[in-house]
Amino acid sequence: MPELNPNLQSLGNQNLAKIAPSAIRAFDEEISAIPGIIKLTLGEPDFSVPEHVKQAAIRGIEDNDSHYGPSKGKLALRQAISSYLEDTRSVHYDPETEVIVTDGATEAITAALIGLLNPGDKVLVPTPVFSLYFTNIEMAGGEVVMIDTSADGFLLTPERLEAEIAKEGPKVKAIMLNYPCNPTGRTYTKAELKALAKVLKKHGILAITDEIYSELTYDQEHYSLATLIPDQVLLISGLSKSHAMTGYRLGYLAGPAGLLVQVAKAHSFMVTCVDNIAQDAAIEALTNGRDDSKLFREAYRRRRDLMVAGLTKLGFKMAVPQGAFYIFAKIPDQFGTDDFAFAKDVAKRAKVGLIPGSVFGAGSEGYVRLSYAASDENIKQVLQNLQQYVADLS
């Protein structure tokens, strides 16, 4: 094994060195070695990709669809995305200039931030939220401005948005919104989005909306900010959650052509183009598989209700999730507020893997995130284990 030449010790991006690795992945790896542990740590659907979508991928392989494709994605897929968004958001995006196929929604977020931010630009981020936003904004040279929404049911109010814009000044260039939200499962009504859109329109601020969980809402239909102010929205989504295609790494972004010029450039420098076979599968999913997510959604709804009822009995408090497949639960008072210590102890004693809330930004301390993208059997076992844990320590 070669040892690093001492003359190279000083190499390394200094800005990147200041950014910690993914705390979610790190904690998951830390507890994974515990024998018999049941993990509700990652947002990984336990379903398989629908059969007709898999067959489309197989046909692509058999047809030797193995060469470089267009940087922005196959035109047929961009047309399918455009058609889907027109049907669900009532916005027409030109497949040629206003849609980019990406290597998952994660790469879409990265390309958008690198392509649009300048050093010192401020990005508002309502929290708790997926911590990837913090690191990617910083990697792009931007400044994260967290907005703690815990006192408002984990939703950003127009009054709070107005106040933060006034406080942070003209360096505010964008806001990142994730709805339904990871980790809280909360989402916005049409009326709530209208109120936010009014503020954003007034100040001319870009909204980067991560709508990856839009097909998994339980108590209301998904509504998009892009429907209200399409000229100020960069919409990001993908097929990881709706079609259980996490490993296919198929995402996309859509927005005004003027915004996408630099984003497309950043995307092309990072990945050249997205895997053709994944795109073949995605074309099938968006043309003949739009109803595939309904089966998943009903299963997740059942599991959500099971977990909310079980955790409430054990003394956990939470805002009931309206979408996605996470519960963000406040630790019972008798266990304190150190969510890392609590999650480690639960992993060790109860054999249950949770994610400490603190990794999701301001307002997250004293909470834990549980993913119910797991089998009914595992969820029932987790609740039994937690019941015993609470009883033993009470």
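What you see is a predicted model; the values in this text were computed from it and never measured.
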When you check the side-chain N and O atoms of [X] and [Y], is any donor under 3.5 Å from an acceptor?
X    : Y    : value
E211 : S224 : yes
E51  : Q55  : yes
E162 : H203 : yes

Please name all residues satisfying side chain to side chain contact (heavy atoms under 4.5 Å, CB included) with F340, sequence neighbours left out, ordered by chain then number. F27, D338, P356, S358, V359
Which residues share a side chain to side chain contact (heavy atoms under 4.5 Å, CB included) with D28, sequence neighbours left out: S32, K39, T41, L42
Quick one: pull up CD in E143 and CG in L124 and give me the separation to the nearest 0.5 Å.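 Spacing of CD (E143) from CG (L124) equals 10.0 Å.
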Tell me which pairs pass ring pair (Phe, Tyr, Trp, His ring centres under 6.0 Å) where either residue lies in residues 118-167, with sequence neighbours left out.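 Of all non-adjacent pairs touching residues 118-167, those that pass ring pair (Phe, Tyr, Trp, His ring centres under 6.0 Å) are F154-F328, F154-Y367.
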Sequence neighbours excluded - ring pair (Phe, Tyr, Trp, His ring centres under 6.0 Å) pairs with any residue from residues 210-257: Y179-H222, Y213-F325, Y213-Y326
Once side chain to side chain donor-acceptor pair (under 3.5 Å) is applied, do any residues pair with N7, and if so which ones, sequence neighbours excluded? N5
Contact summary for I331 and G336, nearest pair of heavy atoms: CG2-O, 3.9 Å
All ring pair (Phe, Tyr, Trp, His ring centres under 6.0 Å) counterparts of F47, not counting sequence neighbours: F296, Y300
With a 6.0 Å cut-off (strictly less than), is the heavy-atom count around CD of E221, excluding the residue itself, greater than 12?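 Counting neighbours around CD of E221, 12 or fewer heavy atoms of other residues, nucleotides or ligands fall under 6.0 Å, so no.
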